[in-house]
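Everything numeric in this text was worked out from a predicted model, so none of it was measured. In what follows, chains are A, B, ... by sequence order, proteins preceding strands, each numbered from 1.
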Amino acid sequence: MDEQFEPKLIGILCNWCSYMAADLVGTSRIRYAPNIRIIRVMCSGRIESQLILWAFRSGADGVLIGGCNPGDCHYQEGNYKALRRVTLLKQMLPQFGIEPERLRLDWICASCAEEMRKTVEGFTAQIRNLGPLRLQTPPLLKPIKIEMEVSRHVEA
Amino acid sequence: MSKPKVAFYWCASCGGCEEAVVDLADAILGVVEAVDIVFWPVALDFKRSDVESLYDGELAACFINGGIRTSEQEEMAALLRRKAQAVIAFGSCSHLGGIPGLANLYSRESILNRVYLEAPSVDNRDRVLPKERSEADEGMLTLPAFSDSVRTLDQTIEVDYYLPGCPPPVTLIVNAVNALLSGNLPPKGTVLTGDKALCSECPRNATKPEKLSLKELKRPHQLIIDSKTCLLNQGVLCLGPATRCGCNAACLSANMPCTGCLGPTSHVKDYGAKALSAIASLLDSNEAEEIATLAQRIPDPAGTFYRYSLPASLLHHRAGNGRT
Amino acid sequence: MSGFNSSTNGHPPRIGVFICHCGTNIAGKVNVPEVVEFARTLPFVAVAKEYKYMCSDPGQEMIKHDIQQYGLTRLLVAACSPHIHEETFRKVASEASINPFLFQMVNIRELVSWVTEDGHEATEKAKAMIRAAAKRVLFHDELEPKKYPVKPGVVVVGGGIAGIHAALVMADAGERVYLVEREPSIGGHMAMFDKTFPTLDCAACILTPKMTTVRRHPNITVLSYSEVVEVSGFVGNFKVKVKKKPRYVVEEKCVGCYECIEACVFKEPRFPNEFDLGLGKRKPIYVPFPQAVPPVPMIDPETCIQFRTGKCPKGCVNACGDRDGIDFDQKDEIVELEVGGIIVATGFDTFDASRLPYYGYGIYPNVYTGLEVERLLNASGPTGGEVLLRNGQKPQSVGIIHCVGSRDENTNRWCSRVCCMYSLKLAHLMKERTGAEVYNFYIDIRAPGKGYEEFYDRLLQEGVHFIRGKVAEVSDWAMTPDEENRLVIRVEDTLIGMVRRIPVDMVILSVGLEPQRDAQEVTKLFNISCSTGNWFMERHPKLAPVSTMSAGIYLAGACQGPKDIPDTVAQAGAAAAEVLALTHKSVIEVEPNTAFIDERYCSGCQICVGLCPYSAIYYDEEKKVAVLNEPLCLGCGVCAAACPSGAAQQHLFQDEQLYAEIEGALVGVG
């Protein structure tokens, strides 16, 4: 494994709990690894597999999803919807040769700054150990280099 | 004035799409009446050189079915692209990769090993694997190169229209041919069917409960499926809500769930991911373990949600096996 | 669907990027000039600038000026958290005639400069986030904040001191108030108390005048013996269904003479009175306590002869005579209310001491809870205010055990806040009324409040014993003659480091406060959430302590967490003020992050319908599509995530916007 490898991470956090916790980490001046890029959504219930796979496809080595604690979702049960999707998606990822650990769902309450720091640090370390995600992404449409016999009727 | 020239070709596919053309039945006479089929390997004896001898753009339309796996398919696709004014990706394999595209869950090497060495019916004591070039008494023999992954047609050449389905429903083929003949064509890139999901034309949609949820998941052989009510409501995984309409709910008429061959609507980036998200949302539990138990009732999520669209998906191929 | 030319009339978008130093908060870590240079290279960025304090007046003016000068059509401000200044800069955009939602805030302070050790890393991270936002903002649509009229009127749920106080404040301000109480009388726990700490004024003397004022107030309707069964609608426009349970005495006809009670076939009270926690007796027709509001008796069908046999001489009916106030056929009645705001003041429950069998509650008759002792001490209680043991004798010695069901890993971890003080109060009253020796067994004495520490001092002076230690058990197992026929409290006195046995005649358990048993159902009813332990959660622990995450619904009193009376009243006043601030507006604005369903692409699969937590989506049988009832949508996006055909989307969080943001945060970043 490349010792210099620094993973690229996406964190998709809900507005009311986990994003508030991320804000609080800042306000408390607690440091953590710089690898994560945080995207805010209103509720973890907005997060679905397309967004997660898009993050992997766009170069993320890991995706962290943050929601409110069970029972505390600002929108009643959005976090459970996220849990359902993440559970099924994690079941599929190994079929694609993707370690399920690259996708992590955590409940982090608005006042849980230390937990947020630990989560981000732990996740960064974990993905650093896993190494880069090497996707074999679809080839872009490009002119095909095939030696073709010159047509007998070039531009008649 | 001569009739417009049309070609059909097949790449990595099963031949079912060719059957679909034959399924046009009487309507095919109308097609033959209206166009001049100049290339159709499965039915007519034309050679590659016949295509090469056409002017560029001489074909009014070319219907290509099957995904792209070999160098020969890639070359033919490129050749036909040059010769055709309009290329129509015909059927799920060409449109999204199709069933052969599921091979993208495996590396090229493991596929060749499985097929030529490991399968129980194989008798290959010399462990011979196909090679692109082999010396023989007759001279140098060549085979098309077998690439790393199955690609959709539009990951290979520019595609003008898509006729979705495994195989495309006859009515969609007829409508497409009529549109081509009349020149009354939608914008380039259009999938030639409606842009709503199947529930819109499914007679069972009226039986949906107020709050749809999946308390359990059963495979079709595990129950006697009621022939009138929504399959999701019976706990059978039906992908109709995520799949384009246009087949008139053919599988549901046969009391079987939709498996998604017509692919996603235009506002979905990744069919399998979106279908998975929708189905997972319905799992009727808020407990992590219970959810996991329910989810495990889908033993092969990739094969279930990406049955026809793996090469077109965001991930495209199993990770870590590429040459990159 | 969103397209990035949608609001620029075909002209390429022109983005302005404004990067804040926040003094040294950002600039001390992030190389702002380098980020500005980087921003200038991003597609469609027309201008990128930095400033020391972007939120200051000159900063805002600079943005407005540049919007005009450079003809900007999109705005991006990289500064602090959107929770702090998103509104500020939306307003700036709006004032410079850019739609405020063609703006994106980039949080490079809380998420970058404050949490990153290395300056170079922080700078790179800031760049990535600005790139992400610059990609995202291209897909923003022009939106209008949703505006809705606000209905007058407030429902207050719970008629304890919190609900009573809030109702009076609002009613005095001219607001129409519906006070819903599930017990037969308002008054709550406070009506059960004898004296209140630390001033020792009588609870009834300060509470009952307020109860009477509530009853007489022209702006207050008391719905007693009633429960809220359904809440729908949204801030400013709630519909509340209240079920009035039958009391079999018609409230409107009753004058409160209580002759019916006198005339009951039961000459003496025979049945345990719930209000006295079973320590006193009542008849089948009764008022829970003399000062009850409304002063209307009710009939308990479980014990009434007429209900049980149908063969009662019905003394009550005769006594009521022409007023005809008794109605054995009364049924549940549903009252529908339309109001602008709701205050939830459902109070608390006391800890069930029988959960800790080693303290002997329910086993030894002379083990009481604090609340039971309140009733014994109360002049209108079952003993007329005399403290008598169950054998009729006065106790010679009393042990008060603190923290029963509080500060305990095995029961509740929280401090119930009131037990120390009410234990001190009970200690004082017991000593005063009985002359008994009083022992307090405590972990710590918590007396942080005006006059509280002084009250503790006073108790120490009065000769009440304080033993620091958590009681191990209460038993009747005597080891010495002195302990015969008494209760023995075994405790480690941690101040002298010894295990002690204290024999007493009476044990009072200072039970802690717990959320109401049905707190979970209440949260579902009102769509509010619970924090740990099922206390209702406030919107912000410091800055919005009486608001909930559901706009228009407020909290007052102990339902939010254990509280004493002064704090409860203060909070009730605050909740009343918040509701008035809402109902006195004619129109409210709501952030337009609602969902929308494009019916052209909706197949009517109805997956979203069942998932919406607010029943905001219904299936239109005619059109065969799902339709959003936008006012009910609170913008979680669950439908957008679940919609299998991409027809359901969420404003400000559309697929394309999120894809662009994710891609921008990753692609091409080192």
| field | Best-contacting candidate, B:A302, B:A278, B:A77, against chain A by heavy atom pairs under 4.5 angstrom | value | B:A302
| query | Among A:L53, A:I47, A:I52, which has the most heavy-atom pairs under 4.5 Å with chain B? | reply | A:L53
| said: Just so I understand: if I count every heavy-atom pair under 4.5 Å between each of B:D270, B:N104, B:L276 and chain A, which residue has the most? | reply: B:L276
| query | Of the backbone (N, CA, C, O) and the side chain (C-beta and beyond), which part of B:T152 lies under 4.5 Å from a heavy atom of chain A, both, or neither? | reply | neither
| message | Within a 6.0 Å radius of atom CZ on A:R31, are there more than 12 heavy atoms belonging to other residues, nucleotides or ligands? | response | yes
| message | Would you say that more than 12 heavy atoms from the other residues, nucleotides or ligands in this model lie under 6.0 Å from the CD of A:E114, or not? | response | yes
| Does A:F96 have its ring centroid less than 6.0 Å away from the ring centroid of B:Y306? | yes
| task | Kindly confirm or rule out an SG-SG distance below 2.5 Å between A:C109 and A:C112. | result | yes
| query | Which atoms of A:L133 come close to chain B, meaning under 4.5 Å heavy atom to heavy atom: side chain ones, backbone ones, both, or neither? | reply | side chain
| note | Answer key: most heavy-atom pairs under 4.5 Å with chain A among B:S277, B:G57, B:G272, B:A273 is B:S277
| Looking at B:I298, B:D300, B:T304, which has the largest count of heavy-atom pairs under 4.5 Å with chain A? | B:D300
| Considering only heavy atoms, which portion of B:L294 lies under 4.5 Å from any heavy atom of chain A: side chain, backbone, both, or neither? | neither
| Do the side-chain N and O atoms of A:R85 and B:S281 include a donor-acceptor pair separated by under 3.5 angstrom? | yes
| message | Looking at A:K118 and A:E121, is there a salt bridge between them, counting it only when a charged N and a carboxylate O are closer than 4.0 Å? | response | no
| remark: Okay, B:E58 and chain A: the region with an atom under 4.5 Å from a heavy atom over there is neither
| query | So, B:R81 and B:D160, do they make that salt bridge, N to O below 4.0 Å? | reply | yes
